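Okay, so here's the structure we're looking at.
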Amino acid sequence: MSTLQGINTDMSGKVGQFVYRRTKKGTVVAQAPRKFSVPRRSEKQMYLRCQIANMTANYHLFDDMLDLGFESKEVGQNEYNMYLKANYGKNPVFITAGMREDGACVLAPYTFTQGTLAVIGYALNGSNILVSNLALGSLTIGSSTTVGQLAQAVINNNAGWQDQDQLTFFYATQWADASGMPRATMNSWKVVLDLYDETPLQNVASALGFTTVGGYLGMNTALSNAGAAWVHSRNNGELHVSTQKMFVVSSVLSAFQSSNAMKVAADSYGGFNSKAVYLDPKATTSLADVMADMSRTEDVSALLAGANENQNGGSANQNENQNQNGGSSSGSGSNTGGNTGGNTGGNTGGNTGGSETSGTPVLTISKTGSGTATVTAGGNAVNSGAELAENTEVSISVTPATGQTPTATLNGTSVSLTESDGTYTGTFTMPNANATLVINTGSAEGYGDTN
């Protein structure tokens, strides 16, 4: 540090690596102090921050397709704010800062609409085709089906639907570029249910999401490395919308939900300043397990390894989706990943096993048939999408359709049901990963609501 005389005596502030400060004795110059980069975020802050990048990437898939996705907004909140609020801490996916800048996107079962209309349930059937719980009665959708005929079928066979309501189908494809970076694209088709509209349905909506499957509205192809959802909306002076999640089947999703993926992502943002151990605030594993997980040397490249496998053509599949017009359909492969659906409808299949998760496991429940079934844990009702700790004892109680014998499977494995006075009961323990419970109450016809 030194005192200056002459032309520099009136200087103050910072110039290059020097700081000038005026005092009574003259202008003092000193070398600017070095600033060391110290991570300032806590463990929990970093856990939340690392989720934002992928949530934002998924949100941008919708572009202008989702102008009014949230029925009630808090003062000062927009669609994006509500979207983040709805998904923080749920189905967390972690991508790095570099991946974010490169436009990476990992499809995840995020909630993208929220309102008071009844949820549209959907689930995979035995052929891995996504089917909704919207009954179509005797309507079999074909090339001559009109918008009016679809409207009549939906309104007459499903409570809560009205003339001029809108039914929208969203379809997103997961793929990987030449470097293995995960990418995604989105398409949507909307139909205004006008009872008197004679427009051919396939002129305005793709058979991809508007096909009759066993008397219900469904897709026309197996869901693989993709996400899909139907949304019910109404605007009669004020917005009404159903609460919906994307139903995602992906071969890469679980790799970006692990504890190690969180560590890699956190490091890309500078890490956090409290500990060297990355602990998932929602994790139920022990500290020793986390330490063991950290000892692995996986990096982002390792997480992306295999992203091109089972992509059924990668970017070619993307181009096929981008070129879809009304009435066309896009095929995708039959190699499916874990069932990551949230609010699902009935399910005629059982081979939709869950995937490992660093948070509390989620139980997806699907029911078929005309009987009734309840699922409880600790004496409390369990709904589809509920988070249950590992080893939680879950009870099933089924009153089947007359003369029928019910069945239940957990991730495709039978759950034993014992009959007493016409009621069938059984129990199972929650595994350490997301799981799918399928209950057939005694009839192979129809898709029941998800409870």
Side-chain angles (χ1 to χ4, degrees), residues 55 58-59 61-88 90 109-123 130-137 139 147-172 186-197 199 201 204-206 209-210 216-219 227-247 341-346 383-385 447-451:
M55 282 193 286
N58 275 256
Y59 179 83
L61 289 177
F62 294 97
D63 291 327
D64 296 328
M65 302 179 202
L66 201 61
D67 294 331
L68 298 171
F70 291 83
E71 189 172 307
S72 299
K73 298 183 185 66
E74 299 174 5
V75 177
Q77 299 289 298
N78 57 26
E79 297 284 319
Y80 176 68
N81 300 142
M82 297 298 292
Y83 175 85
L84 292 182
K85 183 178 179 180
N87 292 292
Y88 263 137
K90 302 173 183 176
Y110 294 134
T111 296
F112 66 101
T113 61
Q114 199 169 67
T116 56
L117 294 182
V119 174
I120 298 176
Y122 28 79
L130 193 65
V131 185
S132 77
N133 65 349
L134 293 179
L136 297 180
L139 177 66
V147 170
Q149 289 172 328
L150 175 67
Q152 185 176 37
V154 172
I155 293 171
N156 289 350
N157 292 284
N158 302 276
W161 288 77
Q162 302 175 7
D163 187 33
Q164 301 304 312
D165 282 2
Q166 181 172 299
L167 176 60
T168 308
F169 177 67
F170 292 87
Y171 181 74
M186 175 81 75
N187 282 291
S188 70
W189 296 266
K190 69 177 181 180
V191 178
V192 176
L193 300 181
D194 185 339
L195 292 169
Y196 303 102
D197 190 343
T199 303
L201 176 62
V204 297
S206 172
F210 291 86
Y216 290 78
L217 184 69
M219 292 182 62
W230 290 269
V231 178
H232 179 195
S233 57
R234 177 184 303 151
N235 195 340
N236 53 5
E238 60 181 29
L239 172 71
H240 297 281
V241 66
S242 59
T243 300
Q244 305 294 161
K245 289 183 179 181
M246 288 297 290
F247 189 103
N343 296 319
T344 60
N383 296 323
S384 183
Y447 285 76
D449 294 335
T450 297
N451 293 327

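All values reported here derive from a predicted model rather than from experimental measurement. Residue numbers count from 1 along this sequence.
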Roughly how far apart are [X] [atom1] and [Y] [atom2], rounded to 0.5 Å?
{"X": "Asn58", "Y": "Asn87", "atom1": "CG", "atom2": "CG", "result": "9.0 Å"}
{"X": "Met82", "Y": "Glu79", "atom1": "CE", "atom2": "CD", "result": "8.5 Å"}
{"X": "Leu136", "Y": "Asn156", "atom1": "CG", "atom2": "CG", "result": "11.0 Å"}
{"X": "Tyr171", "Y": "Ser188", "atom1": "OH", "atom2": "OG", "result": "14.0 Å"}

Heavy-atom side-chain proximity of [X] to [Y] below 4.5 angstrom:
{"X": "Asn157", "Y": "Leu139", "answer": "no"}
{"X": "Phe112", "Y": "Val231", "answer": "yes"}
{"X": "Phe70", "Y": "Asn81", "answer": "no"}
{"X": "Gln244", "Y": "Trp230", "answer": "no"}
{"X": "Tyr80", "Y": "Met55", "answer": "no"}
{"X": "Trp161", "Y": "Arg234", "answer": "no"}
{"X": "Tyr110", "Y": "Tyr59", "answer": "no"}
{"X": "Phe170", "Y": "Leu61", "answer": "no"}

For this session: Would you check if the side chain of Ser132 reaches a backbone N or O of Leu217 as a donor-acceptor pair within less than 3.5 Å?
Result: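 Looks like yes, one N/O pair under 3.5 Å.
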
Problem set entry | Donor-acceptor pair, side chain of Ser242 and main chain of His232, under 3.5 angstrom |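 Pair found, side chain donor or acceptor close to backbone of His232.
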
Heavy-atom closest contact ([X] atom, [Y] atom, distance):
{"X": "Asn158", "Y": "Leu134", "value": "OD1-CA, 3.4 Å"}
{"X": "Met246", "Y": "Ala228", "value": "CE-N, 3.4 Å"}
{"X": "Glu71", "Y": "His240", "value": "OE1-CA, 3.3 Å"}

For this session: Describe, in one word, how the ring planes of Tyr122 and Phe247 are oriented to each other, choosing from parallel (under 30°), tilted (30 to 60°) and perpendicular (over 60°).
Result: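 Geometry flag for Phe247 against Tyr122: perpendicular rings.
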
For this session: Could you point out which residue of Asn235, Asp194, Asn236, Leu195 forms a side chain to side chain contact (heavy atoms under 4.5 Å, CB included) with Gln164?
Result: Asp194

